[in-house]
Amino acid sequence: MFDSGFGGLTVARALIDLLPGEDLVYVGDTGRYPYGPRSLDEVAGFARQIAGYLVRDHDVKLLVVACNTATAAALDTLRAELPVPIVGVIEPGVRSLVRATETGRVGVIGTVGTVRSGAYQRAVAATGADVDLTIAACPGFVEFVERGETHTDQVLVLAERLLAPVIDAKVDALLLGCTHYPFLARALSDVVGREVVLVSSADETAFEVRALIAGGGPDVGTAAVGRHETDHVGTHRFISSGDVHHFRELGARLLGPELASAEPAPWAD
Ligand code: DGL
């Protein structure tokens with residue numbers, strides 16, 4: 001799986017917990033984060049490079065695009081180009097969102113790139129659910145997470161400003177449409193109120209991965225199911241295109257002890 005940085009670790013946590021027998025290779029493209037302000041074409045280029053590297057050099061049997069911006073920019077292209085099943089985070093998140101709402105007033109927050117792409121508007125419409133969607137871009141949130149700042153006064157002040165549209169719309173379910181945002185969940189909940197359900201795409205994405213693996217088939221390989229049966233303990237490798245020391249330190253705080261070491265990405269300086 002890959003993300004622009006630490007955000008995909010929210011998905012990694014769910015996957016490791018749900019599928020402890022699977023081997024995981026995680027790429028955090030911290031050398032080029034944030035993806036959100038970049039053009040979708042540029043993000044698609046990064047996504048193709050990293051996905052190609054994971055398939056070619058790590059022989060992955062399944063790829064998770066653990067980044068909403070990269071999912072919006074490149075999911076269809078990656079699916080067309082690569083020989084393995086590819087799971088994005090947008091559709092799983094939207095499934096959870098429409099299940100979570102009772103009033104039908106839902107919100108999505110994400111990066112500028114994700115919001116501008118229209119991917120969430122399309123994905124919500126595709127569910128056919130009768131919901132009113134309010135969507136807001138939250139530039140700056142990702143940078144706070146990458147610095148390890150998750151509940152400071154500055155986060156709260158920015159959140160109060162950026163979340164105003166979803167508060168005004170009186171949503172009862174808010175999808176964190178950027179994989180970095182669950183790390184800010186306490187601050188976001190303080191701002192929107194405890195009565196608003198915060199929805200993350202991480203668990204639903206992990207369920208989708210499990211279903212694909214359990215389904216087996218020529219691409220995913222039924223050996224994966226066998227691994228559980230033989231108590232294989234999954235290995236976890238973390239690769240960063242930025243400062244690997246920072247990646248290991250902050251990553252271990254955010255993910256947990258599985259992130260014991262980090263390796264440099266081959267394309268990093
Ligand atoms: N985690 C990425 C996402 O889900 C953050 C993108 C960024 O680097 O701005 O969109």
Side-chain angles (χ1 to χ4, degrees), residues 1-17 19-20 22-38 42-71 73-74 78 82 84 86-89 111 113 140-152 155 178-184 200 202 205-206 209 233-269:
M1 63 164 59
F2 71 92
D3 175 50
S4 65
F6 295 96
L9 295 178
T10 56
V11 185
R13 179 74 270 152
L15 266 181
I16 292 169
D17 291 343
L19 298 166
E22 296 298 332
D23 298 333
L24 172 69
V25 185
Y26 181 102
V27 174
D29 198 11
T30 42
R32 298 185 295 204
Y33 103 95
Y35 283 2
R38 297 178 186 271
E42 188 174 26
V43 174
F46 296 161
R48 291 175 72 200
Q49 178 198 23
I50 299 169
Y53 160 72
L54 284 168
V55 170
R56 198 180 49 247
D57 290 24
H58 292 274
D59 196 25
V60 299
K61 65 182 177 185
L62 181 148
L63 181 74
V64 180
V65 183
C67 172
N68 292 264
T69 316
T71 299
L78 297 179
L82 294 171
V84 298
I86 302 188
V87 177
V89 283
T111 67
F141 281 6
V142 167
E143 287 85 341
F144 278 123
V145 174
E146 293 281 324
R147 288 199 298 270
E149 264 187 70
T150 52
H151 202 268
T152 59
V155 173
C178 168
T179 51
H180 281 70
Y181 296 176
F183 290 126
L184 303 174
S200 145
T205 301
V209 170
V233 178
T235 58
H236 309 117
R237 279 181 78 176
F238 296 89
I239 295 161
S240 164
S241 61
D243 178 344
V244 287
H245 179 71
H246 175 64
F247 195 83
R248 187 182 62 76
E249 293 283 308
L250 179 56
R253 262 176 54 205
L254 295 173
L255 176 84
E258 290 86 355
L259 211 165
S261 65
E263 307 159 45
W267 63 89
D269 295 329

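Atom set for the values below is all heavy atoms of this structure, side chains included, hydrogens, waters and symmetry mates excluded.
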Practice problem: Using side-chain contact (heavy atoms from CB on, under 4.5 Å) as the criterion, list what pairs up with V55, not counting sequence neighbours. | Solution: V60, L82, P83, V84
Quiz item: Rounded to the nearest 0.5 Å, how far does OG1 of T10 lie from CG of L15?
Solution: 10.0 Å
Self-check item: V155: partners by side-chain contact (heavy atoms from CB on, under 4.5 Å), with sequence neighbours left out
Solution: F144, T152, L184, A187
Quiz item: Listed by chain and number, what are the side-chain hydrogen bond (donor to acceptor under 3.5 Å, both in side chains) partners of S4, not counting sequence neighbours?
Solution: none
Practice problem: With sequence neighbours left out, write down each residue that passes ring pair (Phe, Tyr, Trp, His ring centres under 6.0 Å) with Y33, or none if nothing qualifies. | Solution: none
Self-check item: Nearest-0.5 Å distance that lies between atom SG in C67 and atom OH in Y35
Solution: 6.5 Å
Run the side-chain donor-acceptor check on residues 245-253: report pairs under 3.5 Å with partners two or more places apart or on a different chain.
{"unit_1": "H246", "atom_1": "NE2", "unit_2": "E146", "atom_2": "O", "d": "3.1"}
{"unit_1": "R253", "atom_1": "NH2", "unit_2": "G148", "atom_2": "O", "d": "3.4"}

Self-check item: Side-chain heavy atoms of C178 within contact of V142, under 4.5 Å
Solution: yes
Quiz item: A74 and A47: which non-hydrogen atoms are nearest, and at how many Å?
Solution: CB-CB, 3.8 Å
Self-check item: Atom pair CD1/OG of I50 and S241 - distance to nearest 0.5 Å
Solution: 6.5 Å
Quiz item: Counting N and O atoms only, with roles assigned by atom type, does the side chain of T71 sit under 3.5 Å from a partner on the main chain of V65, one being a donor and the other an acceptor?
Solution: yes
Quiz item: Which residues pass the ring pair (Phe, Tyr, Trp, His ring centres under 6.0 Å) test with H58, sequence neighbours left out?
Solution: Y53
Self-check item: Closest non-hydrogen atom pair, P34 against P37
Solution: O-CD, 3.6 Å
Quiz prompt | salt bridge (Lys or Arg N to Asp or Glu O under 4.0 Å) partners for E143, two or more places apart | solution = none
Practice problem: Kindly write out the residues that satisfy ring pair (Phe, Tyr, Trp, His ring centres under 6.0 Å) with Y26, not counting sequence neighbours, or none if the list is empty. | Solution: F238
Exercise. Heavy atoms only: give me the nearest L63-A51 pair and the separation to one decimal.
Key: CD2-CB, 3.5 Å
Quiz item: Tell me, which pairs form a salt bridge (Lys or Arg N to Asp or Glu O under 4.0 Å) where one or both residues lie in residues 4-13, sequence neighbours left out?
Solution: R13-D17, R13-E258
Exercise. Only counting residues at least two apart or in another chain, list the ones meeting salt bridge (Lys or Arg N to Asp or Glu O under 4.0 Å) with D57.
Key: none
Quiz item: Can you name the side-chain contact (heavy atoms from CB on, under 4.5 Å) partners of Q49, sequence neighbours left out?
Solution: R32, W267
Exercise. Give a yes or no on whether the ring-centroid distance for F6 and F183 is below 6.0 angstrom.
Key: no
Exercise. Please name all residues satisfying side-chain contact (heavy atoms from CB on, under 4.5 Å) with R48, sequence neighbours left out, ordered by chain then number.
Key: T77, L78, E81
Exercise. Find out whether T111 and N68 are in side-chain contact, i.e. whether some heavy atom of one side chain is under 4.5 Å from a heavy atom of the other.
Key: no
Quiz item: Between V89 and A66, which heavy-atom pair has the shortest distance, and what is it?
Solution: CG1-CA, 4.0 Å
Quiz item: Out of curiosity, H236 NE2 to D23 CG, how far, rounded to the nearest 0.5 Å?
Solution: 7.5 Å
Practice problem: First locate atom CG of L254, then atom OG1 of T150, and finally report the distance between them rounded to the nearest 0.5 Å. | Solution: 7.5 Å
Quiz item: Any idea which heavy atoms bring G8 and M1 closest together, and the distance?
Solution: O-SD, 3.8 Å
Practice problem: State, with a plain yes or no, whether a side-chain heavy atom of D3 is found less than 4.5 Å away from one of H180. | Solution: yes
